[in-house]
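Quick caveat, the model's predicted, so the values are computed rather than measured. Scope of the values below: all heavy atoms of this structure, side chains included, with no hydrogens, waters or symmetry mates. Order of listing sets the numbers, starting from 1, for every ligand and every atom in it.
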Amino acid sequence: MRTIHISDAVKSPGKNVVLSGWIHRKRQSGGIIFVVLRDVSGLVQVAIKKDAISADAWNAALSSTIESNVSISGTIKQDPRSPTGYELTATDFRNTALSEPFPITEYQSTELLLDKRHLWLRSQKMISVMKARSYVFRYAREFLDKSGFFEITPPILTKAAGETGANLFETDFFGSKAYLTESSQLYAEAMAFPLEKVYSFAPSFRAENSRTTKHLAEYWHLEPEMLYFDNKKSMALQERLVSHIATRLASNNQDLLKELQINGDDLSRIRPPFKRLSYEEALGLLNEKGFQLKWGDDFGVEHEKALTEAEDKPLFVYNWPKEIKPFYMPINPKDERTVLCSDMQAPHGHGEIIGGSERIWELDKLLSRMKEVEMQKGIKFNMDNYQWWIDLRRYGSAPHSGFGLGIERVIKWLLNLDHIRDAIPFPRMSNRLEP
Ligand code: 4AD
Ligand code: MG
């Protein structure tokens with residue numbers, strides 16, 4: 001007989017089925033062994049009665065341990081006494097592979113769970129989060145594919161820093177210096193010229209030694225780049241993208257959200273338009289709340305929190321001071337202290353989920369802005385590394401905009417996770433490279 005999933009088996013009570021999965025719980029009471037079996041689709045209680053099965057099957061069930069992989073035949077029925085609502089009465093039991101004593105028991109430290117991450121991924125919580133993560137990837141791609149974007153695949157090894165360059169992981173590339181990319185933006189720009197609307201979905205690397213609940217050293221970065229878009233049009237696209245992800249989860253994954261104790265109605269209300277505050281307005285609001293920020297100051301965790309804690313939807317803060325934003329953003333012609341950009345802030349203090357801007361697309365403006373940034377920040381761009389990217393402005397150019405969305409930040413917010421490390425299967429942080 002063919003193995004079926006638990007979720008399908010419970011739909012046909014009375015039928016003979018074979019289930020394959022993992023021993024989630026086990027207890028014995030005299031001549032009956034109860035196990036809770038787990039597969040990708042859920043849990044079900046199984047009753048193995050000594051006098052109802054062969055001696056071999058009984059012995060197999062006796063020897064089976066927590067997290068062994070097993071195949072069990074039987075008939076399923078509804079049973080209000082079962083913790084899973086259903087019970088399978090076993091007619092056969094086989095161990096595919098016995099587990100040694102499982103290193104994770106009920107109350108474990110966070111550190112141990114991170115050390116045993118490869119096994120902790122079998123926990124109910126992580127199973128649900130990893131499913132949700134996969135749906136977030138799917139819905140993000142779905143939205144962009146339907147909106148006429150091409151998915152592109154940028155290189156990870158690069159010589160040109162895409163952002164400040166302050167947090168680059170350096171590596172040896174056949175005797176010369178290379179970096180793990182901190183953003184694929186520069187390559188997305190090159191590909192937006194021929195393809196008009198592109199996105200890359202790839203890891204970005206940040207050697208930030210900050211131990212916060214929002215920073216990973218390796219995260220998944222969704223970076224769309226659009227020809228002929230200004231930042232206003234880009235913001236409209238960003239809110240539709242984020243809304244699509246949230247509302248699709250709400251409508252398609254109700255059971256999953258329930259398991260994660262997330263109210264789907266809250267997610268279904270994440271719809272455009274999102275609030276838009278200029279940097280100046282945001283600064284004013286924060287100072288009204290008692291902060292003492294000066295014009296030009298960047299916002300920290302506590303400011304982001306104060307700005308968004310009462311919000312149910314994300315909001316934009318646009319047109320930031322040029323000193324605190326990267327070199328590729330154009331000066332705002334209406335206020336030359338600022339650049340044409342925006343950050344999207346998630347509600348309830350989950351922090352920045354998107355950073356985006358227009359790009360300087362004219363050669364002379366780009367070169368003079370890069371010089372200005374060098375003076376201002378006392379840095380020196382290695383122009384050799386940027387020549388190809390500057391070439392894009394030399395050989396026919398066009399206005400364009402783009403943005404970067406941190407997928408784990410979005411997952412942390414949507415699933416209300418305490419820490420970003422739980423939004424990714426194998427987190428890389430300043431103090432963790434294993435497993
Ligand atoms: O604001 P950032 O640094 O912007 C860029 O890299 C642009 N080049 C993107 C672009 O325009 N194509 O990063 C973009 C987003 C942030 O808003 C945040 O969501 C996420 O990337 N992010 C991180 N996520 C996890 N861990 C980190 N250390 C992150 N740093 C940024
Ligand atoms: Mg940013």
Side-chain angles (χ1 to χ4, degrees), residues 133 136 140 144 149 152 154 158 160-169 179-192 197-226 229 231 234-235 237-238 241-242 245 279 298-301 303-304 308 314-318 320-321 324-330 339-346 350-360 389 400-414 417 419-424 427-430 432:
R133 176 181 165 94
V136 168
L144 292 167
F149 280 73
I152 56 161
T158 168
E163 287 295 297
T164 61
N167 304 313
L168 289 169
F169 284 108
Y179 307 103
L180 299 181
T181 191
E182 57 179 346
S183 162
S184 299
Q185 177 192 320
L186 306 187
Y187 295 94
E189 288 187 60
M191 294 195 76
K197 289 200 282 186
V198 299
Y199 68 92
S200 83
F201 214 155
S204 279
F205 301 85
R206 305 275 166 114
E208 283 163 315
N209 206 345
S210 46
R211 297 211 185 152
T212 75
T213 58
K214 293 174 199 166
H215 287 86
L216 292 165
E218 175 179 331
Y219 71 96
W220 279 76
H221 204 173
L222 174 59
E223 299 190 84
E225 194 72 29
M226 300 80 63
F229 271 53
N231 197 55
S234 176
M235 284 195 276
L237 182 78
Q238 291 167 38
L241 165 66
V242 168
I245 297 170
Y279 167 81
D298 204 353
F299 298 168
V301 179
H303 308 116
E304 292 181 348
T308 63
L315 57 79
F316 290 103
V317 180
Y318 64 91
W320 290 71
I324 52 175
K325 289 293 174 189
F327 58 93
Y328 52 74
M329 297 185 179
V339 282
L340 297 170
C341 67
S342 53
D343 285 352
M344 190 192 286
Q345 293 281 339
H350 281 281
E352 177 194 327
I353 49 177
I354 295 183
S357 78
E358 291 179 26
R359 322 303 193 188
I360 305 178
W389 178 72
H400 56 290
S401 293
F403 62 92
L405 173 152
I407 277 286
E408 289 79 14
R409 294 260 180 104
V410 169
I411 295 169
K412 175 183 183 291
W413 157 52
L414 291 174
L417 304 175
H419 201 296
I420 195 167
R421 64 183 168 222
D422 285 334
I424 188 165
R428 298 291 179 251
M429 297 175 292
S430 57
R432 183 158 295 276

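Looking only at atom types and distance, the side chain of Tyr328 has no donor-acceptor partner in the side chain of Glu189 under 3.5 Å away. In summary, the side chains of Tyr187 and Thr181 do not present any donor paired with an acceptor at a separation below 3.5 Å, with no hydrogens or angles considered. A donor atom on one side chain and an acceptor atom on the other are found under 3.5 Å apart for Asn209 and Ser430.
Classified by interplanar angle (parallel below 30°, tilted 30° to 60°, perpendicular above 60°), the ring pair His221/Tyr219 is tilted. Classified by interplanar angle (parallel below 30°, tilted 30° to 60°, perpendicular above 60°), the ring pair Tyr279/Trp320 is tilted.
Heavy-atom proximity to atom 17 (O) of ligand 1, evaluated over His350, Arg359, Glu352, Lys214, is greatest for Glu352. Remark: among candidates Glu189, Glu223, Glu218, Met429, the nearest residue to atom 12 (N) of ligand 1 is Glu223, based on non-hydrogen atoms.
Residue-level proximity to ligand 1 for Glu208 is carried by the side chain, the only part with a heavy atom below 4.0 angstrom. Residue-level proximity to ligand 1 for His215 is carried by backbone and side chain together, each with a heavy atom below 4.0 angstrom. Using a 4.0 Å cut-off between heavy atoms, Arg206 contacts ligand 1 through its side chain alone, with no backbone atom that close. The proximity of Asp343 to ligand 1, defined as any non-hydrogen pair under 4.0 Å, does not occur for either the backbone or the side chain. With a 4.0 Å cut-off on non-hydrogen atoms, His221 touches ligand 1 through its side chain and not its backbone. The proximity of Tyr219 to ligand 1, defined as any non-hydrogen pair under 4.0 Å, is limited to the side chain.
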Handout entry: Test side chain to side chain contact (heavy atoms under 4.5 Å, CB included) applied to Arg409 and Ile420, step by step
Key = CA-CA 7 Å; Arg409 294 260 180 104; Ile420 195 167; 4.0 Å; yes
Exercise for the section: May I have the step-by-step check of side chain to side chain contact (heavy atoms under 4.5 Å, CB included) for Lys412 and Thr213, ending in yes or no? Expected result: CA-CA 10 Å; Lys412 175 183 183 291; Thr213 58; 4.2 Å; yes
Practice task
List the steps, then state whether side chain to side chain contact (heavy atoms under 4.5 Å, CB included) holds for Val242 with Trp413.
Solution key: CA-CA 11 Å; Val242 168; Trp413 157 52; 3.7 Å; yes
Problem - Evaluation steps, side chain to side chain contact (heavy atoms under 4.5 Å, CB included), between Leu222 and Val410 - result: CA-CA 11 Å; Leu222 174 59; Val410 169; over 6 Å; no
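When the options Glu408, Glu304, Glu352 are evaluated for a salt bridge (Lys or Arg N to Asp or Glu O under 4.0 Å) with Lys214, the one that passes is Glu304.
Between Leu216 and Met429, the closest side-chain pair of non-hydrogen atoms falls below 4.5 Å. Side chains of His350 and Leu414 form no contact here, defined as non-hydrogen atoms less than 4.5 Å apart.
Proximity to Ile354 (heavy-atom distance under 4.0 Å) selects the following atoms of ligand 1: 17 (O). The contact set between ligand 1 and Tyr328, taken as ligand atoms under 4.0 Å from a residue heavy atom, comprises 7 (C), 8 (N). For ligand 1, the atoms closer than 4.0 angstrom to any heavy atom of Ile353 are 17 (O), 19 (O). Residue contact check: Phe403 has heavy atoms under 4.0 Å from atoms 10 (C), 11 (O), 12 (N) of ligand 1. Close approach to Gln185 involves these atoms of ligand 1, each under 4.0 Å from a residue heavy atom: 7 (C), 8 (N), 10 (C), 11 (O), 12 (N).
Taking Arg359 as the reference, Glu225 meet the salt bridge (charged side-chain N to carboxylate O under 4.0 Å, His left out) condition, with sequence neighbours excluded.
The closest approach between any non-hydrogen atom of Ile420 and ligand 1 is below 4.0 Å.
Any N or O atom pair closer than 3.5 Å counts here, and Leu216 shares at least one such pair with ligand 1.
Listing protein N, O or S atoms at distances below 2.8 Å from the Mg ion (ligand 2), with waters left out, gives Glu352 OE2.
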